[in-house]
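Presented below is the structure to which this report refers.
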Number of protein chains: 2
Amino acid sequence: MAREIDLLWGPRASPRRGPKPKLSREAVVGAAVALADAEGLEAVSMQRVAKELGYTTMSLYRHVDSKEDLLTLMGEAATGNAPPEPREDGDWRAGIEDWADATTRRYRAHPWMVFVQLSGPPSGPNGLRWMEAGLRELVGAGLRSGEALEMLLLITAALRETIRMEVEMGRAAAEAGTTLPESERDYARALRAVVTPERFPTLSRMLEEGVLDQEPASPPPEGGQPGGPAEGLDFGLQRILDGIDAYVRAKDGDARGA
Amino acid sequence: MAREIDLLWGPRASPRRGPKPKLSREAVVGAAVALADAEGLEAVSMQRVAKELGYTTMSLYRHVDSKEDLLTLMGEAATGNAPPEPREDGDWRAGIEDWADATTRRYRAHPWMVFVQLSGPPSGPNGLRWMEAGLRELVGAGLRSGEALEMLLLITAALRETIRMEVEMGRAAAEAGTTLPESERDYARALRAVVTPERFPTLSRMLEEGVLDQEPASPPPEGGQPGGPAEGLDFGLQRILDGIDAYVRAKDGDARGA
DNA sequence: CCTTACTGTTTAAGTAATACACAGATTTAG
DNA sequence: CTAAATCTGTGTATTACTTAAACAGTAAGG
């Protein structure tokens with residue numbers, strides 16, 4: 001965790017002797033990111049990255065200590081250093097929505113990101129910039145630092161896991177030669193065969209109402225697949241924002257009252 | 001997704017000829033679960049599970065189609081079929097808290113569960129029982145089916161990813177020979193070296209306040225590690241519940257007003 | 001009885017991460 | 001200006017993993 005900070009901020013002292021390196025860490029990470037973007041994270045093996053660059057497998061280890069480190073570096077690189085700017089109007093709700101939207105778009109642009117194991121909160125320059133941007137909005141909403149951190153981690157966790165599921169479902173659907181909404185309908189159909197009203201009253205009422213069969217009401221967000229678990233992110237985020245709002249109001253009320 | 005339902009509910013017609021099987025799917029899954037509980041998911045290889053049972057690697061494939069299927073079966077098995085019972089008092093807030101607590105405890109009892117890829121919402125008998133229990137509370141709170149489903153997926157996503165990070169941080173700490181709170185302080189210390197007030201105003205104020213250095217105020221929940229990202233789950237869940245409450249009240253108010 | 005279908009085993013193919021020693025390049029000490 | 005030191009990318013090898021395919025033995029059906 002602390003060593004991750006060294007990895008991502010470390011000065012990487014340039015050597016004073018020996019042949020000029022033709023490869024570089026940046027080239028290795030860049031090739032790996034390009035490969036993951038094109039063919040998914042499971043295509044990223046040390047051998048494959050090396051082949052992509054026209055070098056031998058072992059040459060990569062001169063620039064990266066291990067595959068794990070490479071993955072961490074890839075994550076930091078794909079994060080980018082351009083989180084949403086502070087809003088002029090100071091509207092914290094819109095600010096957090098922007099942040100969540102931007103994060104979702106980032107994940108959708110590099111779907112493999114959500115499959116890279118996080119070993120803690122962000123550590124690299126880019127990750128921390130995003131964290132700063134999110135915290136700024138939550139503190140602006142009236143939360144204390146610690147509360148803002150906790151909320152931001154929770155929101156990020158929900159986004160990551162939801163997008164992960166979306167990607168996984170999309171992959172499975174593509175593999176089966178269908179679309180995501182279609183395979184969702186298949187899922188609903190298969191569920192109906194096993195979900196009995198006695199054992200699963202709520203669930204079976206839900207299936208009767210056709211919740212999983214409906215065409216999505218809203219058009220899919222740009223770049224996103226229609227349907228899938230991310231459909232519900234917006235509703236959920238709104239409830240979270242409502243909850244923050246209620247909490248901050250109550251706190252202010254207390255403060256005034258005391 | 002639909003085939004997962006077959007896998008987890010399928011009738012597994014018993015063969016009419018040939019030698020009596022000594023191994024069984026249950027034994028394979030059980031051994032794999034025990035192994036994962038004891039040594040983590042990365043210890044679960046087909047070879048290792050077979051060795052644990054005293055059979056050859058390939059024998060497992062008579063009872064399980066692939067390692068992926070084995071993992072799915074393990075997840076279903078570790079889920080268990082005993083989600084919280086409906087509360088007598090009908091207190092939906094407490095009901096959802098119970099559900100989230102029980103889920104967290106379940107994840108902490110089998111930390112590897114959160115590393116098993118989900119290919120969609122629950123499909124097996126046990127997974128669906130838990131889903132039913134969660135939906136019941138959310139519908140009881142006044143959400144419509146679709147809304148309840150979306151909220152439950154969001155809450156589950158947040159729990160899973162947060163526990164995943166907790167486990168990962170705990171593992172890293174243990175590997176480094178320290179405790180989680182100690183390595184959190186190391187993290188804060190390392191952050192202070194790179195987080196400048198100009199580039200990271202909010203973050204650096206947070207570090208000044210010592211947010212990551214403090215001993216946790218509340219004692220660690222039973223079975224859980226002290227510190228780590230799960231510390232914030234309670235606060236976050238309360239905000240979500242507040243948000244649901246506000247939403248339902250507003251809806252009811254509208255309905256009465258109309 | 002003997003064919004059929006099923007069991008667990010053997011063998012082997014293919015992919016992966018990475019340790020280690022090497023040949024050649026380049027800088028620096030003397 | 002040479003020799004030692006140091007660094008680069010390469011070649012080779014080890015270990016571990018999933019799983020395909022052919023096989024030998026076992027139990028039931030006709």
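The sequence lines fix the lettering, A, B, ..., with proteins before strands; numbering per chain opens at 1. When reading the values below, keep in mind they use all heavy atoms of this one structure, side chains included, and skip hydrogens, waters and symmetry mates.
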Looking only at N and O atoms, is any donor in the side chain of B:R62 or the base of C:dG8 less than 3.5 Å from an acceptor on the other one?
yes
Can you find a donor-acceptor pair, distance only, under 3.5 Å between B:R17 side chain and C:dT4 base?
yes
Integer-rounded Å distance: [N] [atom2] and [X] [atom1]:
X     : N      : atom1 : atom2 : result
A:M46 : D:dA16 : CE    : P     : 20 Å
A:K67 : D:dA16 : NZ    : P     : 18 Å
A:Y55 : D:dT8  : OH    : P     : 12 Å
B:Y61 : C:dT11 : OH    : P     : 19 Å
B:Q47 : C:dT11 : CD    : P     : 16 Å
A:M58 : D:dG9  : CE    : C1'   : 10 Å
A:L41 : C:dA16 : CG    : P     : 13 Å
B:L60 : D:dC17 : CG    : C1'   : 13 Å

B:K20 or B:E68: which one's nearest nucleotide on DNA chain D is closer to the 5' end?
B:E68
Do other residues, nucleotides or ligands put more than 12 heavy atoms under 6.0 Å from A:E68 CD?
no
Is the distance from OP1 or OP2 of D:dG9 to the nearest side-chain N or O of A:H63 less than 4.0 Å?
yes
D:dG9 phosphate, OP1 or OP2, under 4.0 Å from A:S59 side-chain N/O
no
Within 45° of the ring axis of B:Y61 and under 6.0 Å from its six-membered ring centre, is that where the NZ or CZ of B:R25 lies?
no
Say whether B:Q47 and B:T57, considering side chains only, have a donor N or O and an acceptor N or O under 3.5 Å apart.
no
Quick check on DNA chain C: between A:S45 and B:G18, whose nearest nucleotide comes earlier from the 5' end?
B:G18
For B:T57, answer base if it contacts any base atom (sugar-phosphate contacts may also be present), sugar-phosphate if it contacts only those atoms, and nothing otherwise; contact means non-hydrogen atoms under 4.0 Å.
base
Between the CG atom in A:L128 and the CG atom in A:N81, the distance rounded to the nearest 0.5 Å is 12.5 Å
Give the intermediate values and the outcome of side-chain contact (heavy atoms from CB on, under 4.5 Å) for residues B:E4 and B:S119.
CA-CA 9 Å; B:E4 194 175 306; B:S119 63; 2.3 Å; yes
